[in-house]
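Following: one structure in structure tokens, then a few remarks.
Counting convention: from 1, in listed order, for ligands and their atoms alike. For reference, positions follow the sequence shown, starting with 1. Only a predicted model underlies this, so the values are computations on that prediction, with no experimental measurement involved.
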Amino acid sequence: MTAPLPLVFDAPRRGMPPRHLADLDAEGRRAAMAELGLPKFRADQIARQYYGRLQADPAAMTDLPAAVRDTIAGALFPPLLTPVRHIACDSGETRKTLWRAGDGTLLESVLMRYPDRATLCISSQAGCGMACPFCATGQGGLNRNLSTAEIVDQVRAAAADLRDGAVPGGAGRLSNIVFMGMGEPLANYKRVVNAVRRITSAAPDGLGISQRNVVVSTVGLAPAIRKLADEGLSVTLAVSLHTPDDELRDTLVPVNNRWPVAEVLAAARYYADKTGRRISVEYALIRDINDHPWRADMLGAKLHKALGSRVHVNVIPLNPTPGSKWDASPKPVEREFVRRVEAQGVPCTVRDTRGQEIAAACGQLAAEG
Ligand code: SF4
């Protein structure tokens, strides 16, 4: 029997912020109207302001009577996220935002602009309990899960800033979301799935971003991957594998002790079968740790066997954190790694290292505070 790891799935609302509009689905919003003594039609009106006009301040919802604005301000719009600071790099095309939640918790999101799209990397937890040794966030442990509204509001705020031209590069539209900020999304399962629904539903139920443009990442919580496959969503699943062998992965990604590589790949296969989506495999390439030619061969072979052509490997040059013994692999080693994976019939590319200066990769965010 495997000893249970201290993983918390859908822990109670301990430490959670008070209820916010974005925590509620359509039925919940109508119930909230009844509770506040407001007519049902106000539910859609308020949701259109939040999701359609990206307005989170009831005082600015001028199509509502003043008394209604006051009522909902207290009941549905508690202080959620306040920007502490924005940090820009890549000529301003990448912007990291540090947020403070109502209880003082810090979290981050990163907006990356490209010629054809704008991608927001969001956090699903404050801190992370997965304890990957090469990751700054992992060293601090899990602070708490984020609420659905705290996840959704990172997206709403970025969409509003882009629309309003508040980000260098002029006005634009937020098109892609990746759950690759702080935290293990599938360890905050219910709130993350609810957030995905709000982010991807059309107004007045959500922000209208295409499910195909949403990536949910995981270190490999196999049962949660299978559960996600059954949700009827068509988001991309990104599995942070980082090595194809259990011996090293037990150390690099400690949750591997619970769900080893074969189980993770079987769950990924189930996800691909159910959703028809190609699996993204993330591989942080670390000098002399997981960058050996034989590991590249094994990775390609195992992925090809488990997933056929429905997989793509993203090699991520490790973003070294100050004072860490972990470092990125030299470029020739990286090129050879990619060549060997591809030789096994598995497409493999080196991920754009946007945001390196501001430490933007899975788990390398808020540790710098
Ligand atoms: S690498 Fe990702 S999953 Fe691992 S500890 Fe860091 S944030 Fe958590």
Legend entry - Close-contact set for ligand 1 against Cys128 heavy atoms, below 4.0 Å: 3 (S), 5 (S), 7 (S), 8 (Fe)

Inset, instruction - Pick one of side chain, backbone, both or neither for how Ser240 approaches ligand 1, counting any non-hydrogen atom pair under 4.0 Å. - result: neither

Inset, instruction - May I ask you to list the atoms of ligand 1 that are less than 4.0 angstrom from any heavy atom of Val219? - result: 3 (S)

Inset, instruction - Check ligand 1 against Cys135 and write out every atom of the ligand that is under 4.0 Å from a heavy-atom position of the residue. - result: 1 (S), 5 (S), 6 (Fe), 7 (S)

Inset, instruction - Kindly determine whether Phe134 and His242 satisfy ring-ring contact (aromatic ring centres under 6.0 Å, His included), including the steps that lead there. - result: CA-CA 11 Å; Phe134 58 88; His242 304 320; 5.2 Å; yes

Inset, instruction - Applying side-chain hydrogen bond (donor to acceptor under 3.5 Å, both in side chains), name anything that partners Gln55, two or more places apart in sequence or on another chain. - result: none

Inset, instruction - Would you confirm whether Arg198, through its side chain, and Ala22, through its main-chain N or O, come within 3.5 Å as a donor-acceptor pair? - result: yes

Legend entry - Metal site atom 6 (Fe) of ligand 1: N/O/S of Cys132 inside 2.8 Å: no

Legend entry - Donor-acceptor pair, side chain of Gln154 and main chain of Glu150, under 3.5 angstrom: yes

Inset, instruction - May I have all residue pairs that pass side-chain hydrogen bond (donor to acceptor under 3.5 Å, both in side chains) and include part of residues 158-180, sequence neighbours excluded? - result: Arg95-Asp161

Legend entry - Numbered atoms and elements of ligand 1 in range of Ala131, under 4.0 angstrom, heavy atoms: 5 (S)

